[in-house]
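Input: a single structure, listed below in structure tokens.
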Protein chains: 2
Amino acid sequence: MDQNKKDRLERAGWRVGNAEDFLELTPEEAAFVELKLALAHFLRDVRVQQGWTQAQTAKRLGSSQSRFAKMEAADASVSVDLLVKSLLGLGATREQVGEVIARAA
Amino acid sequence: MDQNKKDRLERAGWRVGNAEDFLELTPEEAAFVELKLALAHFLRDVRVQQGWTQAQTAKRLGSSQSRFAKMEAADASVSVDLLVKSLLGLGATREQVGEVIARAA
DNA sequence: CAAGTATATGTCCGATCCGACATAATCGCA
DNA sequence: TGCGATTATGTCGGATCGGACATATACTTG
């Protein structure tokens, strides 16, 4: 977001910041959300890298396209368990999962 | 287990091997279990390192001693979400969590 | 061994999660 | 723009999870 837009929003009474500020997350909660987002993005990367659609990938994992979309979106209804199991199911290694958690943005 | 006992059990119709063999886990399932065990052990390490009992630590996290015991035991009723949230709640970083997942035995 | 402390195990029930379906929104391309 | 393919969103019922309690087992110290 550019500075002008930020200024305009703030003049209009909005607070502009990151998700942690907006949702008033504690540091732990923020770290947990970041971790989930990192896994979700990696899941998308793996799928796209392998050249599959959400529907194909979901089927392969015994799930549905809609749930897989929520996984990639790190939806609140998706657990870290499901993300990790899905990644492993698509061939990612435990080492890769750990690396993503440790170092992804 | 020594070889004699192994032989005796196998003569009696038992298959003796590791958890993956015994429970007939797929490689992904085995990797997931390993990942959970790594987090559970790390959780214990962190708690002991900080010099707390399970009861104290559980209270700090808003949980109960019994559930915390199950966490440390990587019980089937404990999710990776709970393990990760608890670790972050005890002060572990996302980086540490990732490292443990990537590299723990 | 006894008593006190710490950890482990089993169960219950309210809360959350997940696959499925329906449908909306978005993308890719002629 | 229009149409088929893909992705996103909302909801529901059954399945799993998690805090709590009771109680058992294991450790520690006298």
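Note: hydrogens, waters and symmetry copies are ignored here, and every other heavy atom, side chains too, is used. Proteins come first, then strands; the chains are lettered A, B, ... in the order of their sequence lines, and each starts at number 1.
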Could you pull out all residues at least two apart from Asp75(B) that satisfy side-chain hydrogen bond (donor to acceptor under 3.5 Å, both in side chains)? Ser77(B)
Round to a whole Å and report the spacing from CG of Asp75(A) to C1' of dA8(D). 10 Å
Arg47(A) backbone acceptor or donor facing Gln50(A) side chain under 3.5 Å: no
Glu99(B): salt bridge (charged side-chain N to carboxylate O under 4.0 Å, His left out) partners, not counting sequence neighbours: Arg103(A), Arg103(B)
Scan for salt bridge (Lys or Arg N to Asp or Glu O under 4.0 Å) pairs involving residues 82-97 of chain B, sequence neighbours excluded, and state none if there are none. Glu34(A)-Arg94(B)
If only atom types and distance count, is the side chain of Asp81(A) paired as donor or acceptor with the main-chain N or O of Ser79(B) below 3.5 Å? no
Between C1' on dC17(C) and CG on Leu83(A), what's the gap in Å once rounded to a whole number? 12 Å
d(CG, Leu82(B); P, dT16(C)) in whole Å: 14 Å
Measure the distance from CE on Met71(A) to P on dC18(C) and round it to the nearest whole Å. 8 Å
Result of checking Leu39(A), Val100(A), Thr93(A) against Leu87(A) for side chain to side chain contact (heavy atoms under 4.5 Å, CB included): Leu39(A)
For a quick check of understanding: with a heavy-atom distance under 4.0 Å over all strands, which category does Ser64(A) fall into, base, sugar-phosphate or nothing? base
To the nearest angstrom, how far is Lys59(A) atom NZ from dA20(C) atom P? 11 Å
Describe, as an angle rounded to 10 degrees, how the axis at the first end of the helix from dC1(C)-dG30(D) to dA30(C)-dT1(D) is tilted relative to the axis at the last end, five pairs per end. 60°
State, to 0.1 Å, how close Met71(A) and Ser63(A) come at their nearest heavy-atom pair, and which atoms those are. CE-OG, 4.1 Å
I need the full list of salt bridge (Lys or Arg N to Asp or Glu O under 4.0 Å) pairs touching residues 59-68 of chain B, with sequence neighbours left out, sorted by first then second residue. none
Could you run down the sub-3.5 Å N/O contacts of the protein with nucleotides 5-9 of chain C?
| unit_1 | atom_1 | unit_2 | atom_2 | d |
| --- | --- | --- | --- | --- |
| dT7(C) | OP1 | Arg47(B) | NH1 | 3.1 |
| dT7(C) | OP2 | Gln54(B) | N | 2.8 |
| dA8(C) | OP1 | Arg44(B) | NH2 | 3.2 |
| dA8(C) | OP2 | Arg44(B) | NH2 | 3.2 |
| dA8(C) | OP2 | Gln54(B) | NE2 | 2.5 |
| dA8(C) | N7 | Gln65(B) | NE2 | 2.9 |
| dA8(C) | N6 | Gln65(B) | OE1 | 2.9 |

